[in-house]
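For reference, the structure discussed in these notes is given below.
Both backbone and side-chain heavy atoms feed into the values below; hydrogens, waters and symmetry mates do not. Quantities reported herein were computed from a predicted structural model and do not represent experimental measurements.
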Amino acid sequence: MKKTLLALALFMACLTGSAQTQHMKFLGIDLNCTISTFTSKLKGKGFVQDMNNSHDNLVVAKGVFAGERVKLEVKCATKTHLVHTVNVCFNLSSSYTFESLKTRLIDKYGAEFKEFKNVAEGEGFVKYATDYIVWELNPDEEFGEANKIVLTKCNYRSTSPLVISYIDNKNSKIDIQEINSDF
């Protein structure tokens, strides 16, 4: 009986641990890897790196996403180079609208989201958006934070007015800790 209870307790601890460590995925690729590993996996999906616009903590790639030619901006932590954000930037010529992308994302991630319209000022990327929607996925029970998918209608991007951002919460925190470690 003791062995059964111990085995059950270990099993529950493993389940709890794995629920707290889920990372965001993009095109089936786990964001919990270095930027070089991530970009090599993107190449396997037909994306080509734009060497002119890439640098240490940002890789720009071009390819097809959801049937459209897009530009990807893959961002990573400063020191560990763990990927924390993938921005999918749709072209001006895209057949998608903000509403049609919203519908597709609702189909995949559900109708539980926060929507902000006619945003004038804010923090971070928000100050550049006119409208945006946030889906919070896989919340970390311990810290209350979640991975996020953000659909943004931008007024600052001349060539990419619609952007979907896939943000890995844990790796974003690592990036902030690395940046703040110098202070």
May I ask you to decide if Lys62's main-chain N or O and Asp50's side chain share a donor-acceptor pair within less than 3.5 Å? no
Looking at Ser54 and Val60, would you say the former's side chain and the latter's main chain have a donor-acceptor pair under 3.5 Å? yes
Taken in chain and number order and not counting sequence neighbours, the residues that satisfy side-chain contact (heavy atoms from CB on, under 4.5 Å) with Thr78 are Asn57, Asp175, Glu178, Ile179
Are Leu151 and Tyr132 packed together at the side-chain level, in the sense that at least one heavy-atom pair is separated by less than 4.5 angstrom? no
Between Ile149 and Leu137, is any pair of side-chain heavy atoms under 4.5 Å apart? yes
Flag side-chain contact, heavy atom, 4.5 Å: Val70 against Cys89: no
Shortest non-hydrogen contact from Ser172 to Ile167? OG-CG2, 3.5 Å
Student check: side-chain heavy atoms of Lys45 and Ile29 closer than 4.5 Å: yes
For the residue pair Val86 and Phe38, establish whether any side-chain heavy-atom pair is separated by less than 4.5 Å. yes
Rounded at 0.5 Å granularity, tell me how far NZ in Lys148 sits from CD1 in Ile133. 15.5 Å
Any sub-3.5 Å donor-acceptor pair from Asp30's side-chain atoms to Asn32's backbone N or O? yes
With the side chain counted from C-beta on, respond yes when Cys76 and Leu82 share a heavy-atom pair under 4.5 Å apart, and no when they do not. no
Have Ser95 and Glu68 got a donor and an acceptor in their side chains that come within less than 3.5 Å? yes
Give a yes-or-no answer on whether the side chains of Ser181 and Lys79 include a donor-acceptor pair shorter than 3.5 Å. yes
Check the surroundings of atom CD in Glu115: do more than 12 heavy atoms from other residues, nucleotides or ligands lie under 6.0 Å from it? yes
What residues, two or more places apart in sequence or in another chain, satisfy side-chain contact (heavy atoms from CB on, under 4.5 Å) together with Thr37? Cys33, Thr34, Lys41
Phe113 and Tyr109: same hydrophobic cluster, using ILVMFWY side-chain contacts below 4.5 Å? yes
Which pairs with one or both residues in residues 50-90 pass ring pair (Phe, Tyr, Trp, His ring centres under 6.0 Å), sequence neighbours excluded? Phe26-Phe65, Phe90-Tyr96
Joint cluster assignment, Tyr166 & Ile174, ILVMFWY side-chain distance < 4.5 Å: no
Asn87 and Ser165 have their tightest heavy-atom pair at OD1-OG, 2.6 Å
Testing Leu101, Ile106, Asp107 one by one against Thr103 for a side-chain contact (heavy atoms from CB on, under 4.5 Å), which residue passes? Asp107
Applying side-chain contact (heavy atoms from CB on, under 4.5 Å) to Lys102 and Glu99, what does each step give before you reach the verdict? CA-CA 5 Å; Lys102 175 182 169 183; Glu99 289 302 317; 3.8 Å; yes
Minimum-distance pair of heavy atoms, taken over all atoms of Ala61 and Phe47: CB-CB, 4.2 Å
Assess whether side-chain contact (heavy atoms from CB on, under 4.5 Å) is satisfied between Glu136 and Asn147, documenting all intermediate values. CA-CA 6 Å; Glu136 293 186 352; Asn147 294 330; over 6 Å; no
Looking only at heavy atoms, the pair that brings Asp168 and Met24 closest together is OD2-N, 2.8 Å
According to a 4.5 Å side-chain heavy-atom criterion applied to Ile, Leu, Val, Met, Phe, Trp and Tyr, with indirect links allowed, do Val150 and Leu58 form part of one hydrophobic cluster? no
Check whether Asn171 reaches the backbone of Val83 with its side chain - one donor and one acceptor, N or O, closer than 3.5 Å. yes
